Amino acid sequence: MSDLNQNTLTQIANLIKTKKISSLEVTKFFIENIEKAKKLNSFITTCFEKSLKDAKNFDKKKNYKGLLPGIPLAVKDLFCTKNIKTTAGSKILENFIPAYESSVTNNLWSEGAIILGKLNCDEFAMGSSNETSYFGNTINPIGKSLVPGGSSGGSASALAANLTPATIGTDTGGSIRQPASFTGTVGLKPTYGLCSRWGIVAFASSLDQAGPMTKNVEDCALLLEAMSGYDPKDSTSINKKKEQYSKNLKENVKGLKIGIPKEYRIDNMPKEIDNIWNKGIDILKKSGATIVNISLPHTNYALPTYYIVAPAEASSNLARYDGVKYGYRSKKGKNLIEMYENTRGEGFGREVKRRVLIGTYVLSSGYYDAYYLKAQKVRKLIKNDFDESFKKVDAILTPSTPSSAFKFGEKTNDPISMYLNDIFTVPVNLAGIPAISIPGGVDSRGYPMGLQLIAKALDEQTILNIALTMEKAINFKNSINRWWEN
Amino acid sequence: MSIDKNQVKKVAKLSRISLDDKNLESLSNDLASILKFVEQLNKLDTNNVKPLNSIVNKSLEPRKDKVNDGKIKDEILKNSPDKNEDFFIVPKVVE
């Protein structure tokens with residue numbers, strides 16, 4: 001049984017398929033791990049009674065169909081789960097119990113998976129350290145004082161601590177890839193439209209995408225296959241045949257052209273990040289790829305563009321939290337308007353307020369052209385940069401983050417310093433293209449650092465295959481001693 | 001362009017978010033520094049650039065014009081902080 005701490009999602013799926021282990025045994029194992037890991041605060045909600053019941057029901061089945069047979073999984077608390085509390089990390093949704101299931105989680109359960117619980121995240125996915133959650137900080141298993149990244153910080157923490165064999169997150173500006181980088185795990189942001197947004201608590205609708213977070217690349221392909229697919233309930237869902245990412249996964253780098261964008265060599269980047277990037281370039285060369293120096297000239301403008309577009313969309317999306325239909329309602333206020341104002345004043349945390357205010361400002365009369373329209377134009381230039389590059393290269397290699405995991409409180413006083421964390425991940429969301437972060441190595445303190453592979457729209461298979469090759473050569477091992485169990 | 005406290009007060013009103021004086025002060029500072037940061041975009045000439053309105057190249061798909069209220073009234077009302085059998089209840093609007 002203790003092997004389950006080493007097994008990957010794919011291995012556990014095979015063990016259950018060949019009846020070497022039951023779903024109930026696996027489920028009980030992960031429940032035990034979760035119960036011993038309260039210190040990490042990775043979970044907002046657990047639903048073990050349901051998990052055990054579902055596992056028992058699964059074990060009674062004669063036929064094992066589906067990609068995730070009897071696999072217990074925890075998911076980010078941004079996915080609506082029917083009859084299970086969904087908070088988005090916010091006080092305003094502290095007691096919200098959805099009457100419906102998100103399409104992406106529904107896909108997981110249809111493939112045989114079983115829910116373990118809901119994972120902590122930054123409030124409405126707005127943050128890069130999980131410190132904006134109403135439900136407290138989530139700890140990075142790498143070290144007691146380290147943030148797990150964000151916004152899918154609970155997901156990354158639970159995965160690295162093996163409280164779930166794999167998980168899913170959402171990525172609006174780096175919220176899957178940055179926490180994956182900080183915890184030595186694999187995270188993929190799919191092409192915009194590949195995974196349905198229906199039933200995900202909305203943050204910035206033109207940027208939000210759900211994606212897999214896993215222990216290795218093979219698991220990532222499997223989980224992406226399980227969660228993706230056309231959904232008529234999402235008007236921006238891409239209508240195309242489902243890909244078989246697992247079956248088509250192979251080490252395949254020979255003859256590929258990999259672009260290295262010069263704009264990603266930023267000032268003051270730690271030497272160690274530069275080193276793992278160069279190591280990644282060497283691996284690709286040795287595996288038969290051609291390295292091409294490229295330019296993405298508008299890279300520096302991606303973050304300012306993002307911090308207009310994302311808050312603008314957020315201010316509109318978050319208008320629904322009014323204390324009437326669901327969620328928290330303030331007891332203060334003499335009339336309807338005051339009730340709204342007090343509900344939102346008391347129900348939203350500081351970062352959410354910042355973004356709603358910025359968003360309202362840039363969309364308001366007299367400022368719309370100067371900010372929002374300007375940002376949409378620059379977004380076009382950023383997308384053009386990538387379109388031009390992908391005429392010359394098959395994929396792009398960059399670091400995932402400009403630093404390894406930082407300490408709690410280190411960046412909370414200055415919003416801009418927190419935003420700068422997403423400097424390498426945000427351009428991809430603006431262009432709507434896919435990217436994966438894989439562990440590239442550790443720094444002198446033993447903290448993981450990630451490498452990012454970017455592809456053109458709908459070319460997930462190419463970066464999965466390159467990532468598989470690199471993963472083998474890098475041979476990364478997380479040295480986590482399960483200190484939280486004492 | 002910079003933002004002052006009175007503008008933040010106005011934006012807070014538009015956003016329906018109550019702010020006490022302490023929060024108004026510190027959020028005004030935050031907002032000013034964020035706006036300064038995003039105003040880097042003004043360095044770029046975008047006169048001949050068409051704005052990117054949607055990342056997905058597709059038009060909305062029509063569906064059958066059929067009423068579907070989900071028939072889950074009770075489940076929907078369950079989450080409301082104040083309701084009766086059929087309605088959400090809000091503070092008095094009309095005197």
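The structure presented is a predicted model; accordingly, all values stated were derived computationally and were not measured. Throughout, protein chains are lettered first and strands after them, A, B, ... in sequence-line order, and every chain is numbered starting at 1. Because only heavy atoms are used, hydrogens play no part in the values below, and waters and symmetry mates are left out as well, while side chains stay in.
Closest of all the heavy-atom pairs between G327(A) and P81(B) is O-CG, 3.6 Å. Taking each heavy atom of L19(B) and K353(A) in turn, the nearest pair found is CD2-CD, 4.1 Å. Closest of all the heavy-atom pairs between K383(A) and I55(B) is CD-CD1, 3.8 Å.
More than 12 non-hydrogen atoms from other residues, nucleotides or ligands lie less than 6.0 angstrom from NZ of K325(A). Remark: N84(B) CG is packed, more than 12 non-hydrogen atoms of other residues, nucleotides or ligands lying under 6.0 Å away. With a 6.0 Å radius and a threshold of 12 heavy atoms from other residues, nucleotides or ligands, K456(A) has its NZ atom at or below the threshold. By the 6.0 Å contact criterion, NZ on K85(A) is enclosed, its count of non-hydrogen atoms from other residues, nucleotides or ligands being greater than 12. Crowding of K9(B) atom NZ: a count of heavy atoms from other residues, nucleotides or ligands under 6.0 Å not exceeding 12. Around atom NZ of K82(A), no more than 12 heavy atoms belonging to other residues, nucleotides or ligands sit under 6.0 Å away.
Considering only heavy-atom pairs separated by less than 4.5 Å from chain A, the leading option among I89(B), V8(B), I76(B), D30(B) is D30(B). If you tally non-hydrogen atom pairs under 4.5 Å between each of Y192(A), Y328(A), Y307(A), Y100(A) and chain B, the highest count goes to Y192(A). In terms of heavy-atom pairs under 4.5 angstrom with chain A, the leader among I34(B), L14(B), N23(B) is I34(B). Most heavy-atom pairs under 4.5 Å with chain B, from the set A457(A), G193(A), P415(A): that is P415(A). In terms of heavy-atom pairs under 4.5 angstrom with chain B, the leader among S315(A), S330(A), S237(A) is S237(A). For the set V309(A), I358(A), T236(A), the count of heavy-atom pairs under 4.5 angstrom toward chain B peaks at I358(A). Among L207(A), N300(A), V356(A), the residue with the largest count of heavy-atom pairs under 4.5 Å with chain B is V356(A).
Heavy atoms closer than 4.5 Å to chain A are found in the side chain of F88(B), but not in its backbone. For V93(B), the part lying under 4.5 angstrom from a heavy atom of chain A is the side chain only. Contacts between Y306(A) and chain B at a heavy-atom distance below 4.5 Å are absent for every atom of the residue. In this structure, chain B has heavy atoms under 4.5 Å from both the backbone and the side chain of S235(A). Of the atoms belonging to L303(A), heavy atoms from both backbone and side chain fall under 4.5 Å from chain B. Contacts of S54(B) with chain A are absent, with no heavy-atom separation under 4.5 Å from either backbone or side chain. Contact of Q40(B) with chain A is made through backbone and side chain together, with heavy-atom distances under 4.5 Å. At a 4.5 Å heavy-atom cutoff, the contact between L44(B) and chain A is made by backbone and side-chain atoms alike. For L77(B), no part sits under 4.5 Å from any heavy atom of chain A, backbone or side chain. The part of A431(A) that comes within reach of chain B is its backbone (N, CA, C, O), which places non-hydrogen atoms under 4.5 angstrom from that chain. Looking at N95(A), only its backbone comes within 4.5 Å of chain B, counting heavy atoms on both sides. Proximity to chain B (any heavy atom under 4.5 Å) is shown, for K331(A), by neither the backbone nor the side chain. Using a 4.5 Å cut-off between heavy atoms, T305(A) contacts chain B through both its backbone and its side chain. Within the 4.5 angstrom heavy-atom criterion, only side-chain atoms of I72(B), from C-beta onward, approach chain A.
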Full working for side chain to side chain donor-acceptor pair (under 3.5 Å) between R350(A) and S26(B) | CA-CA 10 Å; R350(A) 188 176 175 87; S26(B) 67; 2.9 Å; yes
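With rounding to the nearest 0.5 angstrom, the OH atom of Y371(A) is 10.0 Å from the CG atom of L41(B). The structure places CZ of R355(A) at 12.0 Å from CG of L31(B), a figure rounded to the nearest 0.5 Å. Atom OG of S33(B) is separated from atom OH of Y419(A) by 8.0 Å, given to the nearest 0.5 angstrom. In this structure, CZ on R379(A) lies 9.5 Å from CG on N53(B), to the nearest 0.5 angstrom. With rounding to the nearest 0.5 angstrom, the CG atom of N342(A) is 11.5 Å from the CD1 atom of I17(B). If you take NZ on K377(A) and OG1 on T46(B), they are separated by 4.5 Å, rounding to the nearest 0.5 Å.
Side chains of Y326(A) and S80(B) form no contact here, defined as non-hydrogen atoms less than 4.5 Å apart. The shortest side-chain heavy-atom distance between P98(A) and E75(B) does not fall under the 4.5 Å cut-off. Side-chain contact check for I97(A) versus K78(B): every heavy-atom pair is 4.5 Å or farther apart. When side chains are defined from C-beta on, Y367(A) counts as touching Q7(B), because their heavy atoms get closer than 4.5 Å. Annotation: side chain of E341(A) is in contact with side chain of K13(B) (closest heavy-atom distance under 4.5 Å). Here the side chains of V49(B) and V378(A) are not in contact, with every heavy-atom distance at 4.5 Å or above. Proximity of D322(A) to R16(B): side-chain heavy atoms (C-beta onward) are nowhere separated by under 4.5 Å. Put simply, the side chain of S15(B) reaches to within 4.5 Å of the side chain of T360(A), judged on heavy atoms.
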